[in-house]
Amino acid sequence: MDVEALAVVPMRKSKRSEVVQRRIRRPFSVTEVEALVQAVEKLGTGRWRDVKLRAFDNAKHRTYVDLKDKWKTLVHTARIAPQQRRGEPVPQELLDRVLKAHAYWSQQQAKQPLKQQSETCRLL
DNA sequence: ATTAGGG
DNA sequence: CCCTAAT
């Protein structure tokens, strides 16, 4: 499959041009964004591992870190003028849902960072 | 191995 | 995407 999805490039910012391999660029499709938004609306912004399993379990090249990063750019994209956005345009409908979910989970995360319930329960 | 943020 | 400190 995409086993050779790595790019051999000169190590940036290095005196001696060493050579390192980085993953190739894979712009998120609107379909992927839809899946990501759907998952975050349900799971929130503090459980990217679960978001990965829920919506990208079969996308070997999308790690939970990638999904976290994509969400960051989506929130930014939703906030800038449509004219300064790049790539295949993301439906405004999705961008609206991004801001909505971001606002909701933002406060939800501030209240209870979830996870480690055992830790919390033990202390209560 | 994950989370969370800056690079 | 990468890098990585803190869990």
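Order of the sequence lines sets the chain letters (A, B, ...), proteins ahead of strands, with each chain counted from 1.
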Separation of atom CG in A:L67 from atom C1' in B:dA1, rounded to whole Å:
16 Å
Atom-to-atom span, CG of A:L53 to C1' of B:dT2 - whole angstrom
12 Å
Heavy atoms only: give me the nearest A:L43-A:W105 pair and the separation to one decimal.
C-CZ2, 3.9 Å
To the nearest angstrom, how far is A:D66 atom CG from C:dT4 atom P?
17 Å
Quick check on C:dC2: is either OP1 or OP2 less than 4.0 Å from any side-chain nitrogen or oxygen of A:R23?
yes
Could you pull out every donor-acceptor pair under 3.5 Å between side chains of residues 69-80 of chain A and any protein atom, sequence neighbours left out?
residue	atom	partner	partner atom	Å
A:T73	OG1	A:K70	O	2.8
A:T77	OG1	A:T73	O	2.8

Using atom CH2 of A:W71 as one end and atom C1' of B:dA4 as the other, report the distance to the nearest whole Å.
16 Å
Starting at atom CZ of A:F28, determine the distance to atom C1' of C:dC1, rounded to an integer number of angstrom.
10 Å
For nucleotides 5-7 of chain B, list the nitrogen or oxygen atoms of the protein found under 3.5 Å from its nitrogen or oxygen atoms, one pair per line.
residue	atom	partner	partner atom	Å
B:dG5	N7	A:K68	NZ	2.6
B:dG5	O6	A:K68	NZ	2.7
B:dG6	O6	A:K72	NZ	3.3

Produce the list of close N/O pairs, under 3.5 Å, pairing protein atoms with atoms of nucleotides 5-7 of chain C; give distances to one decimal.
none

Listed partners of A:F56 passing side-chain contact (heavy atoms from CB on, under 4.5 Å), at least two apart:
A:F28, A:E32, A:A35, A:L36, A:K52, A:A59, A:R62, A:L67
Round to a whole Å and report the spacing from CZ of A:R47 to C1' of B:dA4.
16 Å
Euclidean distance, atom CG of residue A:L43 to atom P of B:dT2 [Å, nearest integer]:
15 Å
Here the gap from A:R22 atom CZ to A:I24 atom CD1, rounded to the nearest 0.5 Å, amounts to 12.5 Å
Quick one: side chains of residues 94-102 of chain A, donor-acceptor pairs under 3.5 Å with protein atoms, not counting sequence neighbours, listed by atom name and distance.
residue	atom	partner	partner atom	Å
A:D96	OD1	A:Q92	NE2	2.9
A:R97	NE	A:E41	OE2	2.9
A:R97	NH1	A:E34	OE2	3.3
A:R97	NH1	A:E93	OE2	3.1
A:R97	NH2	A:E41	OE1	2.7

For the atom pair OG1 (A:T45) and NZ (A:K68), what is the distance rounded to the nearest 0.5 Å?
12.0 Å
To the nearest 0.5 Å, what is the distance between CG (A:D50) and NZ (A:K42)?
13.0 Å
Partners of A:R23 by salt bridge (charged side-chain N to carboxylate O under 4.0 Å, His left out), sequence neighbours excluded?
A:D66
Figure out the CZ/P separation between A:R86 and C:dC1, and round it to whole Å.
15 Å
Contact summary for A:V51 and A:G44, nearest pair of heavy atoms
CG2-O, 4.2 Å
